[in-house]
There are 2 protein chains.
Amino acid sequence: MRVSLKDVAVRAEVSIKTVSNVVNNFKHVTPATRQKVQQAIDELGYQPNLTARHLRKGRTGIIALAVPELENPYFAELAGAVIDAAARHDYTVLLDHTQGSRERELLVTQGFRARVIDGLILNPLELEAEDLAARADDTPLVLIGERSYDLPYDHIAIDNISAARAVVRHLLDLGRRRIAFLGSRGDRPSQPSHLRLLGWQAELAAAGVTADQALIGSVEGWSRADGAAAMAALLDAGQRPDAVFAYNDLVAIGAMRVMAERGLRVPEDIAVVGFDDLSEGRFGTVSLTTVSPDKQAIARLAVESVVHQLADGKAESATSGTAETQDATTGQPGRAGAPGRVGNGRAGREIDPGFRLVERESTLGRVRAATSG
Amino acid sequence: MRVSLKDVAVRAEVSIKTVSNVVNNFKHVTPATRQKVQQAIDELGYQPNLTARHLRKGRTGIIALAVPELENPYFAELAGAVIDAAARHDYTVLLDHTQGSRERELLVTQGFRARVIDGLILNPLELEAEDLAARADDTPLVLIGERSYDLPYDHIAIDNISAARAVVRHLLDLGRRRIAFLGSRGDRPSQPSHLRLLGWQAELAAAGVTADQALIGSVEGWSRADGAAAMAALLDAGQRPDAVFAYNDLVAIGAMRVMAERGLRVPEDIAVVGFDDLSEGRFGTVSLTTVSPDKQAIARLAVESVVHQLADGKAESATSGTAETQDATTGQPGRAGAPGRVGNGRAGREIDPGFRLVERESTLGRVRAATSG
DNA sequence: TCCCTCTTGTATAACGTTAGAAACAAGGGC
DNA sequence: GCCCTTGTTTCTAACGTTATACAAGAGGGA
């Protein structure tokens, strides 16, 4: 049988509240009493019932994290970072994955775990702005990932356009001219890959290079298989890019697989750059050059946002003070952007955790690699 | 303000209990009353407070899953499967990672999330039998993974020795003779990799091939970097294996990276087999042949074990009825082994979810590949 | 008509905790 | 010696739900 405060109280010959005071380290407890109670606690092996505590206090100490899919190592690594960041604030993480389904994302935001979580960190893929605007649940919510909504919720995301431009600029500097973008989703213009595609276009334009629409590879999703399919389609269409900027590392890895099958050498024939900096990318036959978002910072900032929202539900959270600077090759210092629309009693902030362009020569080729296009 | 049963009761002009009856779909409620209450619920947007419900019922609907590290795709994929399996039983998953630290594993088993989780699924790495034997917490516990303890807890794991023997037998059939095992941890004999090493030894012995101790590659951990280091060490020591059986896919991938750097061709010079069947392994420059544990089955069986333990804490759980058959190349039908020692009021079972040896020619070479040893 | 059963709904007491008020003892100033 | 203050402990009421016991009303058989 489980032992409660009452049992301890009986054993220590003291009131329930006194035991509670000892457990919660309240002042006004005589050392003698404290010791007597502590002894009873130890002897009985008392452990507080968190459910009851939370019912009383209105907080559960649990933060939910909802990502599209754990099978994607990026989200797995991010989840690990969030768990650690939450632990530093004495929070535990309830993990859910939405499979990139709008319905599941909707369900999560509308509090299907109602009253059992204190806050929610969500990486949406399909959710629309109106879905979020219609949200009735007042559980603190933080958004992470590329999708941006003009809504009063904190949003943690790196500057995807800048990151994409940095990649393209770098490839241009290396002498590449026919730079493909792999990972556009044609079906919906506001899809996550949109910003990276925009950055690709913008930087090419800035350099006076034509953004050849035929070099945009479409995908169904962003897995390795999708990357392979897109690369194969590109090659089958007769395209011969001298560089590939993939939406993420998984797409890049799938594409490289196809390149190997077709006898295209990386980086001699094609330079490849990914996004996410997965451990996986470092240990392929060639190491993948990639954009490395600071996952630790993302996790930390997201958790802090939730914690701050909980600390004072009415006042604006002040996360900007904790944003830190990255010593990034082409990075962005972490900065809190202009607050979004005010609503729900507080402002939504755009928070940039910063990124690094991790250059690994093996997929880039040394400076001025021969171009074949 | 959050709306409670009381608010609904007032609005529907009915007692609290009646509202509760409607919410819980109890019988003995007039259609008229039910409709009146339902309307009030809809109008007020009532959502039950799970914390309160759980305090009252003694169950939280949350299962904890503790794995060594989410960064390992195997555990990420497994976690995804567990989340889905739990959802089918209306359970939510609280995820934790122990970083392979004995202290954290100990903390988890001893109920640091006391009274907030209904059950625990743990994949231990460092935990000792005596740690588990001394466990005071009576929260249902299920163990998964290679480590086996003779203790009254359900244990879900494939037959590692059989799987390892199947791998080695297959390599022998292909004509390989100098088969290295990569991923032994020398420091502790009872470490997870032990069983696979035993299988390697046993099958070689059965085939009359000397198990050359020099072909055992030691690692610090089981990451890609560890695999690379172990492979490099083996080669630096002058060993020239014609096949490598790696403890897991990550180790295999790290090893293959080193092979590529040293100009060794896979599979022509060295055949490679891994363990876990990670998506990652399918998309390397070569597809990795691997042992594929049925992760869905592992997740399902683990969740079912917890659910059954909860269903009747005193009676023995009867998971054996649900074990299913695998159409496996070299697989083991899922079978419930002999129950372990009885204790704690119930028997601990060894449950085998089954595995498949997924043969991908690219890392094996066609039949009778030339041997260099 | 009375009593008994069956159905439906209501009051009340938990579950284990924390917060606030109230009670109690001890000590000091008048 | 009395009252007031200070420090410590106890008492009681929540938090929102479900479970148990019970009350009220309807219907049927004797």
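Convention: sequence-line order gives letters A, B, ...; per-chain numbering from 1. Just so you know, these numbers use all the heavy atoms, side chains as well, and skip hydrogens, waters and symmetry mates. Only a predicted model underlies this, so the values are computations on that prediction, with no experimental measurement involved.
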**Message:** OP1 or OP2 of dT18(D) versus the side-chain N and O atoms of Asn24(B): is any pair under 4.0 Å?
**Reply:** yes

**Message:** With a 4.0 Å cutoff (strictly under), does any side-chain N or O of Thr51(B) reach OP1 or OP2 of dT17(D)?
**Reply:** no

**Rounded distance (Å) that lies between atom P of dT18(C) and atom CZ of Phe26(A)** = 7 Å

**Between C1' of dT18(D) and CG of Asn49(B), the distance in whole Å** = 13 Å

**Asked** Think Thr33(A) has a side-chain N or O under 4.0 angstrom from the OP1 or OP2 of dT9(D)?
**Response** yes

**Request:** Determine yes or no for a side-chain-to-main-chain donor-acceptor pair under 3.5 angstrom, with Glu105(B) supplying the side chain and Leu125(B) the backbone.
**Result:** yes

**Prompt:** Do any side-chain nitrogens or oxygens of Ser4(A) fall under 4.0 Å of OP1 or OP2 in dC15(C)?
**Reply:** no

**Request:** Please state how far atom CG in Asp7(B) lies from atom P in dC15(D), giving the value in whole angstrom units.
**Result:** 10 Å

**Prompt:** Taking the side chain of Arg53(A) as heavy atoms from C-beta outward, which of dT17(D), dT8(D), dT17(C) is closest to it?
**Reply:** dT17(C)

**Request:** Let me know the distance between CG of Leu5(A) and P of dC11(D), rounded to the nearest Å.
**Result:** 15 Å

**Asked** What is the distance from CD of Glu13(A) to P of dT10(D), rounded to the nearest Å?
**Response** 11 Å

**Integer-rounded Å distance: dA14(C) C1' and Ile16(B) CD1** = 14 Å

**Prompt:** Want to settle it: does Ser15(A) or Lys57(B) sit nearer the 5' end of DNA chain D, counting the closest nucleotide to each?
**Reply:** Ser15(A)

**Request:** Apply the test side chain to side chain contact (heavy atoms under 4.5 Å, CB included) to residues Leu143(B) and Leu151(B): give CA-CA distance (whole Å), side-chain angles for both, the deciding distance (0.1 Å), then the verdict.
**Result:** CA-CA 10 Å; Leu143(B) 299 169; Leu151(B) 287 172; 5.9 Å; no

**Message:** In this structure, how many angstroms lie between the C1' atom of dT18(C) and the CG atom of Leu55(B), rounded?
**Reply:** 13 Å

**Asked** Which residue, Asp154(A), Leu132(A), Ile121(A), forms the side chain to side chain contact (heavy atoms under 4.5 Å, CB included) with Leu141(A)?
**Response** Leu132(A)

**Asked** Between His54(A) (NE2) and dT18(C) (P), how many Å, whole number?
**Response** 9 Å

**Item:** Donor/acceptor link under 3.5 angstrom from Arg56(B) side chain onto base of dT18(D)
**Value:** yes

**Message:** I'd like to know if Lys17(B) reaches the base of dA11(C) with its side chain such that a donor and an acceptor end up less than 3.5 angstrom apart.
**Reply:** no

**Prompt:** Should Ser20(A) be listed as having a side-chain N or O under 4.0 Å from OP1 or OP2 of dT18(C)?
**Reply:** yes

**Message:** If you apply the rule side chain to side chain contact (heavy atoms under 4.5 Å, CB included), what do you find for Glu304(B) with Leu301(B), and how did you get there?
**Reply:** CA-CA 5 Å; Glu304(B) 280 173 1; Leu301(B) 291 167; 4.1 Å; yes

**Request:** Would you sort out whether Arg104(A) and Asp96(A) count as a side chain to side chain contact (heavy atoms under 4.5 Å, CB included), showing the intermediate values?
**Result:** CA-CA 10 Å; Arg104(A) 288 206 59 170; Asp96(A) 216 334; 2.9 Å; yes

